[in-house]
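Since the structure comes first, as structure tokens, the remarks are kept for the end.
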Amino acid sequence: MGVIAWIIIGLLAGMIAKALMPGKDPGGVIVTILIGIAGGLLGGWLGKVLFGVDSIDGFFDLSTWIAAVVGSMILLALYRLVSGGRHRHV
């Protein structure tokens with residue numbers, strides 16, 4: 001898959017992960033996109049290492065989307081833990 005496809009998958013996977021994990025997030029849209037892209041890569045890598053499956057087969061494969069969303073949820077949870085204590089006062 002190309003870089004543009006990963007950006008699109010990352011954007012959508014980040015939005016899905018944010019919708020599946022209720023609560024207030026410290027990041028905005030850009031952080032969601034970055035977490036989604038990194039989460040997609042993480043999910044694909046974890047699927048290959050832990051389960052021996054090639055979860056990054058193609059843009060329209062369900063395994064690609066599941067790996068991207070699960071990876072995004074993992075990174076979103078970690079991001080919430082790390083930045084949870086930082087609040088902006090305006």
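Shown here for Gly39 and Leu75, the closest heavy-atom pair between the two residues is N-CD1, 3.3 Å. Across every non-hydrogen atom of Leu76 and Lys18, the tightest pair is CD2-CA, 3.8 Å.
When each of Leu20, Ile35, Ile16 is checked for a side-chain contact (heavy atoms from CB on, under 4.5 Å) with Met73, only Leu20 meets the rule.
Between Leu34 atom CG and Ser72 atom OG the span is 11.0 Å, to the nearest 0.5 Å.
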